[in-house]
Amino acid sequence: MFQVNENFVKLPQSYLFSDIAKRVAAYTQANPDKSIIRLGIGDVTRPLAPAVVEAMKKACDEMGVEATFRGYGPEQGYDFLREAIVTHDYRARGIDISADEIFVSDGAKSDTGNIGDIFGKDNVVAVCDPVYPVYVDTNAMAGRAGNLTAEGKWDNLVYMPCTEENGFAPAIPAKKADMIYLCFPNNPTGASITYEGLQKWVDYALANGSVILYDSAYEAFITEDIPHSIFEIDGAKQCAIEFRSFSKTAGFTGTRCGYTVVPKELTCNGVSLNALWNRRQTTKFNGVPYIVQRGAEAVYSPEGQAQIQETIAYYLHNAKVIREGLAAAGFTVYGGVNAPYIWLKTPHCLTSWAFFDELINKAGVVGTPGSGFGPSGEGYFRLTSFGSYENSVAAIERIKAAF
Ligand SMILES: *Cc1c(COP(=O)(O)O)cnc(C)c1O
């Protein structure tokens, strides 16, 4: 009899969003006359920038003409996009990254998940708690997480709590970690990290021979003077890989494009991680569609930049409305300044799910229970600014009236 990968069997079912859907359905059935406002959405809602659409249409036309048709492209991405990324996302910030350190992909979910392929099974993995579940589940699939304990933690993972007490900044773990996942600005807490804070992690990684897997999917939402890239930090090119995505930056959640930066200076006992990732990608991945890469390139054009900035400002304004409205209603709120996420403390020490029920029953507003992102998310709740301005305002008015 064949065997399956037993690590997959150990994975718990992910009930978070189906549980939410069930409770919303029950509420709607019991209250058919009441409307629901969804502030739990983790997907963008504003359409693609016109400059992106135009570029993709033009690329589509090229594909229909023999002289400009393109078949398989380079697995690492076309030079035009890799160069645009280097120029605008790195060189413009004084960071020296070259095009052959950029690997264009179909998104940061794939890359943060697949990156584990190039690391040994016995590495000790550290994750923030609460966390974007992809880091945890993909390490469980690879056999690096061990077994799931009764309190919902994997026994081989190092959890770094991010709570009100530490300002949602993970502390250096007591147990030595080999692979450290960091995400700033953070999903779900909306917290960000300072230059000094990030330097501390880079210093730790260099001193301990660790690698930092840095997810900066929300970099475009930064409004304060904080690092956009881990490569702004001294020494990071010897110890870090960075993941970026056009998903939240430019509304590409359905269009699919992101990239990963693997510096050539990053080595392990003389082995280049850039070479390993190149080998992995050229074997298992066939590149992002030419049409999509032309769309991503257009994000960097002057018109594209102006258009995406307008959309990001729209979401950040929603975040401000939500954050300030909740604070005025007496809630303790975090995030929403450098991120589209607002992380609130549930009132009266309610559990995340008890607050979910209160919020929908009293205000008809739906969010995401913090406990769904990890044990330390208990007692917190995530609202997002990806809805419309009108709905953000209406949700806050309802919450103010109800609480
Ligand atoms: C949305 C998100 C991403 C982006 O994922 P894509 O696969 O590029 O759409 C990456 N990391 C985090 C933490 C996210 O929330």
Side-chain angles (χ1 to χ4, degrees), residues 14 16-17 39-46 48 52 77 81 85 89 102-116 125-139 160 162 168 170 179-193 212-222 228-230 240-261 281 284-285 287-289 292-293 295-296 299 308 311-312 315-316 319 335-336 338-343 367-368 370 372-374 377 382-387:
S14 176
L16 180 62
F17 290 98
L39 293 188
I41 185 166
D43 193 359
V44 298
T45 56
R46 309 292 298 162
L48 289 173
V52 169
L81 181 55
I85 290 167
D89 287 344
I102 307 284
F103 295 85
V104 175
S105 75
D106 65 344
K109 184 183 194 174
S110 317
D111 284 358
T112 54
N114 292 332
I115 198 75
V125 175
V127 293
C128 290
D129 172 23
V131 70
Y132 179 57
V134 174
Y135 319 146
V136 171
D137 290 359
T138 56
N139 275 291
M160 304 183 289
C162 298
F168 306 97
M179 294 165 60
I180 301 161
Y181 288 82
L182 296 177
C183 172
F184 290 107
N186 190 264
N187 175 14
T189 68
S192 50
I193 195 163
I212 297 172
L213 303 165
Y214 195 74
D215 185 343
S216 58
Y218 295 95
E219 164 277 328
F221 290 80
I222 290 175
H228 286 250
S229 164
I230 194 169
I241 291 174
E242 177 160 285
F243 305 93
R244 291 266 185 112
S245 173
F246 294 95
S247 284
K248 317 300 171 16
T249 304
F252 271 54
T253 52
T255 306
R256 308 306 308 147
C257 194
Y259 65 87
T260 290
V261 185
Q281 289 298 79
K284 291 197 184 183
F285 182 61
V288 175
V292 171
Q293 292 193 57
V299 166
I308 68 153
T311 299
I312 289 166
Y315 292 136
L316 282 171
N338 297 303
Y341 298 116
I342 290 93
W343 189 243
T368 314
F373 300 100
R382 191 189 76 174
L383 296 178
T384 84
S385 63
F386 284 135

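Counting convention: from 1, in listed order, for ligands and their atoms alike. What you see is a predicted model; the values in this text were computed from it and never measured. Just the heavy atoms: all of them, side chains too, but no hydrogens, waters or symmetry mates, feed the values below.
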Taking the minimum heavy-atom distance to atom 11 (N) of ligand 1, which of Asp106, Thr255, Asp215 ranks first? Asp215
Which of the ligand 1 atoms, numbered from 1, are nearer than 4.0 Å to a heavy atom of Gly107: 7 (O), 8 (O)
What protein heavy atom is closest to atom 1 (C) of ligand 1, reported as residue, atom name and distance in Å? Lys248 NZ, 1.2 Å
Identify the heavy atoms of Arg256 and Ser247 that sit nearest to each other, and give their distance. NH1-OG, 3.5 Å
Taking heavy atoms and a distance under 4.0 Å, where does Ser247 meet ligand 1: side chain, backbone, both or neither? side chain
of all protein heavy atoms, closest to atom 5 (O) of ligand 1 is Lys109 N, 3.6 Å
Using heavy-atom distances, let me know which of Tyr218, Tyr132, Tyr181 sits nearest atom 15 (O) of ligand 1. Tyr218
Does an N or O anywhere in Tyr341 fall below 3.5 Å from an N or O of ligand 1? no
Number the atoms of ligand 1 from 1 as they appear, then name those within less than 4.0 Å of a heavy atom of Arg256, with their elements. 6 (P), 7 (O), 8 (O), 9 (O)
Return yes if a side-chain donor-acceptor contact under 3.5 Å exists between Asp43 and Thr253, otherwise no. yes
Phe221 and Phe386 aromatic ring geometry - parallel, tilted or perpendicular at 30°/60° bounds: perpendicular
Could you check whether Tyr341 and Tyr218 have their ring centres less than 6.0 Å apart? yes
Atoms of ligand 1, numbered as shown, that sit under 4.0 Å from any heavy atom of Ala217: 3 (C), 10 (C), 11 (N)
Using distance alone, with no hydrogens and no angle criterion, decide if Ser229 and Glu219 have a side-chain donor and acceptor under 3.5 Å apart. no
Checking the N or O distance criterion of under 3.5 Å, is ligand 1 in contact with Cys183? no
On a heavy-atom basis, the closest approach of Ile241 and Phe243 is CG2-CZ, 3.7 Å
Minimum heavy-atom separation for Val125 and Asn139, please, with both atom names. CG2-OD1, 3.6 Å
How close do Ala108 and Arg244 get, counting heavy atoms only, and between which atoms? CB-O, 4.1 Å
Got an N/O contact under 3.5 Å between Ser110 and ligand 1? no
